[in-house]
Amino acid sequence: MPLIILGLLVVIGIVIYALANRKQSEEVDTRTVRERYPHVFEKIDEKIDQMKKGANYTIIDDDEEDAADPDDVNAKYRDNDGHTLHFPDDAEIEKRKRNIH
């Protein structure tokens, strides 16, 4: 008997949930985000303009490269730009070193 009551409560809950979802699907707002929240985008545009006005740009000559740091253990994996890490040849050793299995 308690299982029947519990089952009926679940069924009633599912029906209520379905009706609520159906009602929400009828009230869908088709405006874009910019149309719904123009005040947010105005603030963002103002901040971008402020950042552009206060930005200082310096051009770095590519011919001038800093001397490599002898303590830098990952220097052999980096490109000349200093950002790219390539997949190491000794991946198994790296996995053990970082405890990755």
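Hydrogens, waters and symmetry mates are skipped; everything else that's a heavy atom, side chains included, is used. Here the structure is a predicted model, which means the values were calculated and not measured.
- R34 CZ to E42 CD: the interatomic distance, rounded to the nearest 0.5 Å, is 10.0 Å.
- In this structure, OH in Y37 is found 13.0 Å from CD1 in I44, a value given to the nearest 0.5 Å.
- One distance of note links NZ of K47 with CG of D45; it measures 12.5 Å at 0.5 Å rounding.
- Closest approach of R31 and R36 over heavy atoms only: O-NH2, 3.1 Å.
- Here E46 does not pair with K43 in a salt bridge; the nearest charged N to carboxylate O distance is not below 4.0 Å.
- Tested against I14, the residues V10, I16, I12 include a single side-chain contact (heavy atoms from CB on, under 4.5 Å) partner, V10.
- Rounding to the nearest 0.5 Å gives a distance of 7.0 Å between NZ of K97 and CG of D90.
- In the hydrophobic clustering of this structure, V33 groups with V40; members are Ile, Leu, Val, Met, Phe, Trp, Tyr whose side-chain heavy atoms approach within less than 4.5 Å, directly or through other members.
- Between atom NZ of residue K53 and atom CD1 of residue I48 there is a gap of 13.0 Å, rounded to the nearest 0.5 Å.
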